[in-house]
Q: 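Submitted below is the structure of interest, expressed as structure tokens.
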Number of protein chains: 2
Amino acid sequence: MGIADKETRNVPTLASIAERVGVSVNTVSRALRAPNTVRVELRRRINAAMEELNYVPNRLAGGLSGTRSDIVGVVVTSLYYSEFASIVDTLQSALLEQDLQVMLANTRYNPDQEVRLVRSILSWRPAAVAIIGVDHPPKVVELLKASGIPIIEMWDVGGEVIDTAVGMDHASIGAAQATHLIAEGYARLAFVGSLRENDRRAQKRLRGAETAVVAAGLPEIVRLTTQQNGSPDLGERLTHELLEQHPEVDAIVCNSDVVAFGALRALKRSGRRIPGEIGVLGFGDNEASSCVSPSLTTVRPDRERIGKLTAEAILARINDGAPKTTVVDWELIIRESTRRRDSQNQ
Amino acid sequence: MGIADKETRNVPTLASIAERVGVSVNTVSRALRAPNTVRVELRRRINAAMEELNYVPNRLAGGLSGTRSDIVGVVVTSLYYSEFASIVDTLQSALLEQDLQVMLANTRYNPDQEVRLVRSILSWRPAAVAIIGVDHPPKVVELLKASGIPIIEMWDVGGEVIDTAVGMDHASIGAAQATHLIAEGYARLAFVGSLRENDRRAQKRLRGAETAVVAAGLPEIVRLTTQQNGSPDLGERLTHELLEQHPEVDAIVCNSDVVAFGALRALKRSGRRIPGEIGVLGFGDNEASSCVSPSLTTVRPDRERIGKLTAEAILARINDGAPKTTVVDWELIIRESTRRRDSQNQ
DNA sequence: TGGCACAAAGTTAACGGTAACGCAACGATC
DNA sequence: GATCGTTGCGTTACCGTTAACTTTGTGCCA
């Protein structure tokens, strides 16, 4: 039950409607696409027939015949732990208002998958593609360029842009993280968390921090990273390792807030005072970061703004606007986990 | 630069390849779909030409002509705060292995959007549709049934199923939440958080809890809910209200962990001892729930399992398997925020 | 050496729409 | 009353690909 036999499965087409109403196929098509060119009364009968037969237009046919598609391909590197979920969320709802449908792909930081997924998405002849990052395998760049459609790169802006980008300057984020810790009197920094080979954004942040540390005449940042997914358990495990191997460290920059949650847990279990003995700083401003104790200092990317600006950029480019790269602001949210001085209140 | 003029934009087709290689269009098509029917050497030349021209097949045409589509429509009610992001994540990667492409829609708990989005997704003639919930507007049910494709309802199982469902029994979750609190000695329960008119799952949990409370001879559950999105700030606000209006309450069931985070914050600010004076219980097992203090008792849905089983159900149904409803287990994770007795350790 | 099976390619006709064009009926215009 | 623009609809020709046939070429056997 529920599924009709394949033989009898008879999805209505424009022709079914046309036959039922007694007009030509094209008139029915017009009733949909240019309603004011069809008599009111006839239009009413056509709409009634469509409603009655539960007609759903076939966009495969429409897209093939017509000139424009209304798919927007969205390629993210992860969805888990909500890293890009809220960007997709706002982007999708903004596009929906223009009747654009999101087709989603998740590369999970795998460049081979990225090539495959981009190819797959392009095969649907989307009106535009939005993709996380500005660093892609050469084949991806080639395919996207050859497609001739607007390409919006999100989240990052540093580097070679294909067409249009909406993102943050990650090097400056890393610099701000380090600078803040140094200003609070921390001197031996560590970077902890997942640092995937293909997560160029994290690498840029780390390099930005490194530069600030060097400029301050402090010793190099200790790195304890893996290719795995970030999680509290990972943060806890790496932090324990760190305490053992590098007892001199007095501040930890985590690649994401969820990793920082684990770091806090590990430090508390080891009896370290935060922020007195050791500071912890995250990235991403997870919804729980203001609720853990001590509350977590972190960087808040304006995800909604990125989603919204991406939608706007897509629409602008579809309507022949010029390519444009927009740098989106972020905010260092200073909370308890790094605040040694009493200078600020929040 | 980047985008070719519309006039010159000349995306390669099978015909371009055919002409370049000097064979018929169909031979090129065969080289893709049934490679072993084409001479090895010719196949090599065809592949080389495709590579060179950056050929990307047009699935609009393929889908229109061929018999099967490889889109799977996925309809969720939210993505924000990662509620369903990890389901989509696992679902997508499992489908990818079968070369099925996810088309995503997010209704944001708006039934009108749901109708519109389902219609939009069906217009791409997907091979199957996976959708959150078993309670849909009548028109959605009608459209999905009329489509004649496999429909997998996720997350919930209680009620009328269209075709196949993979989800949890939310009434029993609510009952377990209340039963646990009662066993810990709490007697005046409250339900706090966003309770959207169209979030039937939350309503089922609340009813399940209500039934358990009544069975224990305790007074009715106090409700303090809104239609807004759940967030820590919302939880904090509602909890302050609750403390004022219903000082007798000694246990709070939050509709989501992020709301519970805010509740914890509010209670700590008011100087209440948790779990001594008042208990807090969440839903969803947010990644931070084990990291807040006190750590949060919550219900852990097996999201990955739901995603994986949904993918399996889709494949089974596409290959003419029978419709089947699967009830997925969940787990009550007892942590500090409700544990008054010393009986358990974790 | 003729006949036949099979492999490898070409031909043709859909698939369900949309766009361009054609044409009748009608009122407005001079 | 002939001319013309408009309105409202029908005809026809694609869009790029696949499936079902048809044709051609090749090796094998009697």
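Everything numeric here is computed off the predicted structure, so don't read it as measured data.
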Q: With DNA chain C as reference, determine whether B:Leu64 or B:Val38 sits nearer its 5' end, using the nearest nucleotide of each.
A: B:Val38
Q: Taking five pairs at each end, how big is the angle between the two axes of the helix from C:dT1-D:dA30 to C:dC30-D:dG1, to 10°?
A: 50°
Q: Is a side-chain donor-acceptor pair under 3.5 Å present for B:Gln113 with B:Thr107?
A: no
Q: For B:Ser24, which contact category applies under a 4.0 Å heavy-atom criterion: base, sugar-phosphate, or nothing?
A: base
Q: How far apart are the C-alpha atoms of A:Asn229 and A:Arg108, what are their side-chain angles, what is the distance that settles it, and do they pass the side chain to side chain donor-acceptor pair (under 3.5 Å) test?
A: CA-CA 9 Å; A:Asn229 252 334; A:Arg108 299 186 156 201; over 6 Å; no
Q: Do we see a donor-acceptor contact under 3.5 Å between the side chains of A:Arg59 and B:Ser123?
A: yes
Q: Can you tell me how far P of C:dA7 sits from CZ of B:Arg43, to the nearest Å?
A: 15 Å
Q: Would you indicate, yes or no, if C:dT18 has its OP1 or OP2 atom less than 4.0 angstrom from a side-chain nitrogen or oxygen of A:Ser29?
A: yes
Q: Let me confirm one number: the CD-OG1 distance from A:Glu19 to A:Thr13, rounded to the nearest 0.5 Å.
A: 9.0 Å
Q: Give a yes or no on whether B:Arg200 atom CZ has more than 12 heavy-atom contacts from other residues, nucleotides or ligands under 6.0 Å away.
A: no
Q: Strictly by ring-ring contact (aromatic ring centres under 6.0 Å, His included), give each pair with a member in residues 100-138 of chain A just once, sequence neighbours left out.
A: none
Q: Should we count NZ of A:Lys308 as having more than 12 external heavy atoms under 6.0 Å?
A: no
Q: Would you find a donor on one side and an acceptor on the other, under 3.5 Å apart, between the side chain of A:Arg317 and the backbone of A:Ala128?
A: no
Q: Extract from the structure each pairing of a protein N or O with an N or O of nucleotides 19-21 of chain C at less than 3.5 Å, listing the distance.
A:
residue, atom, partner, partner atom, Å
C:dA19, N6, A:Asn26, ND2, 2.9
C:dA20, N6, A:Asn26, ND2, 2.7

Q: I'd like the 5' and 3' limits of the part of DNA chain D contacted by chain B, with heavy-atom contacts below 4.0 Å.
A: D:dG16 to D:dA20
Q: Within this structure, what is the CG-to-C1' distance between A:Leu32 and C:dG16, rounded to whole angstrom?
A: 13 Å
Q: Run the side-chain donor-acceptor check on residues 30-37 of chain B: report pairs under 3.5 Å with partners two or more places apart or on a different chain.
A:
residue, atom, partner, partner atom, Å
B:Thr37, OG1, B:Ala34, O, 2.8

Q: Going by atom types only, do B:Asn54 and A:Lys139 share a side-chain donor-acceptor pair under 3.5 Å?
A: yes
Q: Give me the residues of residues 50-62 of chain A where at least one heavy atom lies under 4.0 Å from an atom of DNA chain D, by number, or none.
A: none
Q: Identify, between A:Val23 and B:Gly63, the residue whose nearest nucleotide on DNA chain D lies closer to the 5' end.
A: A:Val23
Q: When you look at A:Asp70 and A:Arg125, which way does the salt bridge (Lys or Arg N to Asp or Glu O under 4.0 Å) test go after all the steps?
A: CA-CA 9 Å; A:Asp70 42 15; A:Arg125 297 296 184 265; over 6 Å; no
Q: Under the 3.5 angstrom rule, does the side chain of A:Thr90 hit a backbone N or O of A:Ser86 as a donor-acceptor pair?
A: yes
Q: Among side-chain atoms of A:Asp89 and B:Asn106, is any donor-acceptor pair under 3.5 angstrom?
A: yes
